[in-house]
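First up is the structure itself, then whatever we jot down about it.
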Amino acid sequence: MASIALPRIMRVGGGAVAEIGEVVAGLGLARPLVVTDKFLVGTGAVDRMVAQLDAAGLHPAVFADTVPDPTTASLDAGVAAVAEHDADCVIGFGGGSPMDTAKALGLLARQGGHMRDYKAPRDNTGPALPVIAVPTTAGSGSEATQFTVISDSETDEKMLCPGLAFLPVAAIVDYRLTMTMPPRLTADTGVDALTHAIEAYVSRKANPFSDGLALVAIGTIGRVLRRVYADGQDAAAREQMMLAATQAGIAFSNSSVALVHGMSRPIGAHFHVAHGLSNAMLFPAVTEFSVDAAEPRYAECARALGATSADASDATAAADLLVALKELCRDVEVPTPKSYGIDRRTWDERVPVMAEQALASGSPNNNPRIPTADEIRELYARIYG
């Protein structure tokens, strides 16, 4: 049996963000706090959203001090902003980081405490303020997931916090908000979405509901990720990529992510590498490590991606997937930790604690091949250069 959870309301398509006021008012809410970042304030997008909320007769306020890969320390000012505004909901407006911040604030505003109280394996069911998610990148899928990821400012641990308390009540998925993403962000978030879809499909928690969404997302990303990387103004490709990222988010939220994500979070925490990029650094090597344990599932991913011939055997298709992932990462210019500028000695020093943190997240236990701490350390060593 699979337990499926989705946002109650989803508005999907070009121009959907204009319906933000109608969506919030329709939920019976009146005092939204828009949780966003300085970049979106600078583009005028936040002012436009506030005007739409005002026009719907609502009383919005803005918190724009979110940071990339949010930390426990960065949440304090947000919790204060929720209280000061007497907000009855939060709107996460931006990439994965503003949405993760909004989810965390929704819980802390109602329950208090410290974010480390809510990390996996705890299952957080609420209470929490309702979250309305409006993504501006095609990657994290956070608009449709029951997870948030917050770094502990004291320990540098990137904490996975799961549960229905973090699932947005509404998601507004408007691809036009992604048209200005630069190529590097397009690539990193796109590979992140592909990782979500493939990990959801090969996960030990996969189910028929998540499988269908995962395979559709894999196929779309295989067709359009290189297109949006080469030409950010390709509106048709942007639209497809945005939908695929949301489908992949729904898939992994109702299945799980696995070893790539378990190993990716510590890289992000210790070396401040963007989440999608740290996934991309790991993706081919971790897939190679895992593939023999679920060859038929990886073969289906290869077929969905268009990476193999229709009549290929499972063994051939799975091998073709490894080649295709390496080629994709090369084509969108994914750096290694070494070429990214991470010092070898520092990397080697951090590997033991990164391996511990990867295992502690629980994600590696969903992997087709469950790794030991030694095997995780070996994988970190292998991908460095």
Side-chain angles (χ1 to χ4, degrees), residues 10-20 36-37 39-40 42-46 48-49 68 93-99 133-144 171-198 213-252 274-277 279-280 283-284 301-308 321 323-335:
M10 298 187 75
R11 301 283 175 96
V12 181
V17 71
E19 298 179 8
I20 183 73
T36 187
D37 58 31
F39 174 78
L40 284 167
T43 66
V46 174
R48 287 192 290 278
M49 177 175 282
F93 183 34
S97 296
M99 286 190 288
V134 187
T136 61
T137 62
S140 76
S142 186
E143 65 275 7
I172 295 179
V173 183
D174 185 342
Y175 76 89
R176 291 180 189 166
L177 296 170
T178 71
M179 296 295 291
T180 55
M181 286 168 64
R184 181 76 265 143
L185 184 62
T186 297
D188 296 345
T189 54
V191 175
D192 189 23
L194 182 60
T195 312
H196 292 153
I198 290 180
L213 288 159
L215 290 174
V216 168
I218 291 167
T220 303
I221 295 166
R223 288 192 305 276
V224 302
L225 178 53
R226 287 177 176 87
R227 275 174 58 187
V228 288
Y229 180 65
D231 176 14
Q233 295 305 301
D234 184 336
R238 285 284 194 201
E239 183 169 21
Q240 292 177 64
M241 194 66 217
M242 188 69 158
L243 180 59
T246 298
Q247 290 167 327
I250 295 171
F252 90 78
H275 171 68
L277 181 54
N279 274 346
F283 200 12
C301 293
R303 294 179 186 113
L305 191 63
T308 194
L321 178 67
V323 173
L325 293 181
K326 289 173 185 170
E327 287 178 350
L328 177 64
C329 288
R330 184 196 65 210
D331 290 350
V332 299
E333 299 174 85
V334 175

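Here the structure is a predicted model, which is why all the values come from computation and not from measurement.
- Within the model, atoms CE of Met242 and CE of Met179 stand 11.5 Å from one another, a figure rounded to the nearest 0.5 Å.
- Every side chain to side chain donor-acceptor pair (under 3.5 Å) that Thr186 has, sequence neighbours left out, goes to Arg238.
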Walk me through it: do Glu239 and Leu243 pass the test side chain to side chain contact (heavy atoms under 4.5 Å, CB included)?
CA-CA 6 Å; Glu239 183 169 21; Leu243 180 59; over 6 Å; no
Report the C-alpha separation of Leu194 and Leu225 in whole Å, then their side-chain angles, then the decisive distance to 0.1 Å, and conclude whether the side chain to side chain contact (heavy atoms under 4.5 Å, CB included) test is met.
CA-CA 9 Å; Leu194 182 60; Leu225 178 53; 5.7 Å; no
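- Minimum interatomic distance between Leu305 and Ala324 (heavy atoms only, all atoms of both residues): CD2-CB, 4.1 Å.
- With sequence neighbours excluded, the residues forming a salt bridge (Lys or Arg N to Asp or Glu O under 4.0 Å) with Arg303 are Glu300, Asp314, listed by chain and number.
- Side-chain contact of Tyr175 with Gln240: a donor-acceptor pair under 3.5 Å is absent, judged by distance alone.
- Annotation: side chain of Val323 is not in contact with side chain of Lys326 (no heavy-atom distance under 4.5 Å).
- The OH atom of Tyr229 sits 15.5 Å away from the CG atom of Asp234 when rounded to the nearest 0.5 Å.
- Closest approach of Ala302 and Leu321 over heavy atoms only: CB-CB, 3.8 Å.
- Separation of atoms OG (Ser140) and NE2 (His196) is listed at 7.0 Å; rounding is to 0.5 Å.
- Glu327 is linked by a side chain to side chain donor-acceptor pair (under 3.5 Å) to nothing, counting only residues two or more places apart in sequence or in another chain.
- Residues passing the salt bridge (Lys or Arg N to Asp or Glu O under 4.0 Å) test with Glu19 are Arg11, sequence neighbours excluded.
- Closest approach of Val216 to Gln247, counting heavy atoms only: CG1-OE1, 3.7 Å.
- With sequence neighbours left out, Asp331 forms a side chain to side chain contact (heavy atoms under 4.5 Å, CB included) with Arg226.
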Checking side chain to side chain contact (heavy atoms under 4.5 Å, CB included) for the pair Val17/Met49: CA distance, chi angles, key distance, verdict?
CA-CA 8 Å; Val17 71; Met49 177 175 282; 4.0 Å; yes
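- If you take CZ on Arg48 and CD1 on Ile20, they are separated by 14.0 Å, rounding to the nearest 0.5 Å.
- With contacts defined as side-chain heavy-atom distances shorter than 4.5 Å, the pair Thr136/Thr178 does not qualify.
- Thr137 contributes atom OG1, which lies 8.5 Å from atom CG of Asp192 (distance to the nearest 0.5 angstrom).
- Pro98 and Phe93 make their closest contact through CB-O, 3.6 Å (heavy atoms, listed as atom of the first residue, atom of the second, distance).
- A 4.5 Å side-chain heavy-atom check between Asp37 and Pro68 finds every atom pair outside the cut-off.
- Among all heavy-atom pairs drawn from Asp174 and Gly14, the shortest one is OD1-CA, 3.4 Å.
- The two residues Ala138 and Met181 come nearest to each other via the heavy atoms N-SD, 3.9 Å.
- For the salt bridge (Lys or Arg N to Asp or Glu O under 4.0 Å) test, residues two or more places apart in sequence or in another chain that qualify with Arg184 are Asp188.
- With contacts defined as side-chain heavy-atom distances shorter than 4.5 Å, the pair Glu143/Thr246 qualifies.
- Interatomic distance, Phe252 CZ to Leu213 CG, rounded to the nearest 0.5 Å: 12.5 Å.
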